[in-house]
Q: 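Mind looking over this structure? Questions follow.
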Amino acid sequence: MDLVLIEALEVDTVIGVYDWERTITQTLRLDLTLGTDIRPAAAGDDIALTLDYAAICERIAAFAGEHDVALVETFAERLAETLHDEFAVPWLRLTVRKPGAVAAAAAVGVCIERGQRTGGT
């Protein structure tokens, strides 16, 4: 399995458990590692045969604008499901960071892995 990387993608969304957080947008920082087989795309130099990271980034930004949740965990789980369903991603690792949520930390967040990671030949 090959890995497509998207690092430090920033999206704005309504997220948080406190009342004041429900009235503002906050920036989340995402790192994604998406498993796929890039050989068909590389052989034909064809973006249609790989994960289009520009399209994925656009979808993530739209997702963030469409959803408002309390927990970073909920955001991560629902986004992972969306990427799996809409882009046929067989495996992914997603890290979602919420900068500034805790004064003494640069960021807090979660890292999840979903799907099956299989080897190639």
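What's counted below: heavy atoms across the whole structure, side chains too, no hydrogens, waters or symmetry copies.
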Q: Is it the case that atom CG in Asp46 sees more than 12 heavy atoms from other parts of the structure closer than 6.0 Å?
A: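 Atom CG in Asp46 is crowded, with more than 12 foreign heavy atoms closer than 6.0 Å.
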Q: Using every non-hydrogen atom in the two residues, find where Arg22 and Gly16 come nearest and quote the distance to one decimal.
A: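 Smallest heavy-atom distance, with atoms named: NH1-O, 3.0 Å.
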Q: Take atom CZ in Arg59; do more than 12 heavy atoms of anything else shown fall under 6.0 Å from it?
A: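 Check passes, neighbour count above 12.
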Q: Counting only heavy atoms from other residues, nucleotides and ligands, does the tally under 6.0 Å from CG of Asp85 exceed 12?
A: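 Above 12, so yes.
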Q: The test is side-chain contact (heavy atoms from CB on, under 4.5 Å); show your working for Arg93 and Ile112 and say whether it passes.
A: CA-CA 6 Å; Arg93 178 183 299 126; Ile112 64 172; over 6 Å; no
Q: Answer yes or no: does atom CD of Gln116 have more than 12 heavy-atom neighbours from other residues, nucleotides or ligands under 6.0 Å?
A: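 No, not enclosed.
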Q: Closest heavy-atom contact between Pro90 and Gly35?
A: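 Closest pair (atom of Pro90, atom of Gly35, distance): CD-O, 3.1 Å.
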Q: Do Val17 and Ile24 land in one hydrophobic cluster if side-chain heavy atoms of ILVMFWY residues count as linked below 4.5 Å?
A: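 Same cluster.
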Q: Quick one: does Gln26's side chain have a donor or acceptor within less than 3.5 Å of a partner on Ile15's backbone?
A: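 A pair under 3.5 Å: yes.
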Q: Going from CG on Asp12 to OG1 on Thr27, what distance comes out if it is rounded to the nearest 0.5 angstrom?
A: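 So the CG of Asp12 and the OG1 of Thr27 are separated by 4.0 Å.
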Q: Less than 4.0 Å between a side-chain N and a carboxylate O, is that true for Arg97 and Asp31?
A: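 Counted as a salt bridge, because a side-chain N and a carboxylate O are separated by less than 4.0 Å.
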Q: Quick check: do Phe75 and Leu30 have side-chain heavy atoms less than 4.5 Å from each other?
A: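 A side-chain contact exists here, since the closest heavy-atom pair is under 4.5 Å.
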Q: Does Asp2 form a side chain to side chain donor-acceptor pair (under 3.5 Å) with Thr36? I'd like the steps, not just the answer.
A: CA-CA 5 Å; Asp2 303 309; Thr36 192; over 6 Å; no
Q: With side chains defined as the heavy atoms from C-beta onward, is the minimum distance between Trp91 and Leu3 less than 4.5 Å?
A: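 Of all side-chain heavy-atom pairs linking Leu3 with Trp91, at least one is under 4.5 Å.
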Q: With a 4.5 Å cut-off on side-chain heavy-atom distances among I, L, V, M, F, W and Y, is there a chain of contacts connecting Leu32 to Val72?
A: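 Result: yes, single cluster for both.
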Q: Does a side-chain N-to-carboxylate-O contact under 4.0 Å join Lys98 and Glu21?
A: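 Glu21 and Lys98: salt-bridged.
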Q: Could you tell me whether Phe63 atom CZ has more than 12 heavy atoms of other residues or ligands within 6.0 Å of it?
A: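 It does: Phe63 CZ has more than 12 such atoms within range.
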Q: Hey, are the side chains of Glu113 and Leu92 touching, using non-hydrogen atoms and a 4.5 Å cut-off?
A: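 Of all side-chain heavy-atom pairs linking Leu92 with Glu113, none is under 4.5 Å.
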Q: Kindly say whether Trp20 contributes a backbone atom to a donor-acceptor pair with the side chain of Thr23 at under 3.5 angstrom?
A: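 Looks like yes, one N/O pair under 3.5 Å.
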Q: Answer yes or no: is there a side-chain heavy-atom contact under 4.5 Å between Leu94 and Leu79?
A: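 Touching, per the 4.5 Å side-chain cut-off.
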Q: Mark yes when over 12 heavy atoms from residues, nucleotides or ligands other than His84 sit less than 6.0 Å from its NE2; otherwise mark no.
A: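 12 or below, so no.
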Q: Are Arg114 and Glu77 within salt-bridge range, i.e. N to O under 4.0 Å?
A: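 Salt bridge flag = yes for Glu77 with Arg114.
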Q: Which is it for Leu28 and Thr13 under the side-chain contact (heavy atoms from CB on, under 4.5 Å) test, yes or no, and what are the steps along the way?
A: CA-CA 7 Å; Leu28 299 178; Thr13 192; 3.7 Å; yes
Q: Within the distance-only criterion (no hydrogens, no angle test), does the side chain of Arg117 pair as donor or acceptor with the backbone N or O of Met1 below 3.5 angstrom?
A: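 No: the side chain of Arg117 does not pair with the backbone of Met1.
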Q: Measure the shortest side-chain to side-chain distance between Ile60 and Leu9 over non-hydrogen atoms and say whether it is less than 4.5 angstrom.
A: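 Sidechains of Leu9 and Ile60: in contact.
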Q: Hey, what do you get for CG (Leu83) to CG (Leu51), rounding to the nearest 0.5 Å?
A: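 With rounding to 0.5 Å, CG (Leu83) is 9.5 Å from CG (Leu51).
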Q: Under a 4.0 Å threshold between the charged nitrogen and the carboxylate oxygen, would Glu73 count as salt-bridged to Arg78?
A: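 Answer for the salt bridge query: no.
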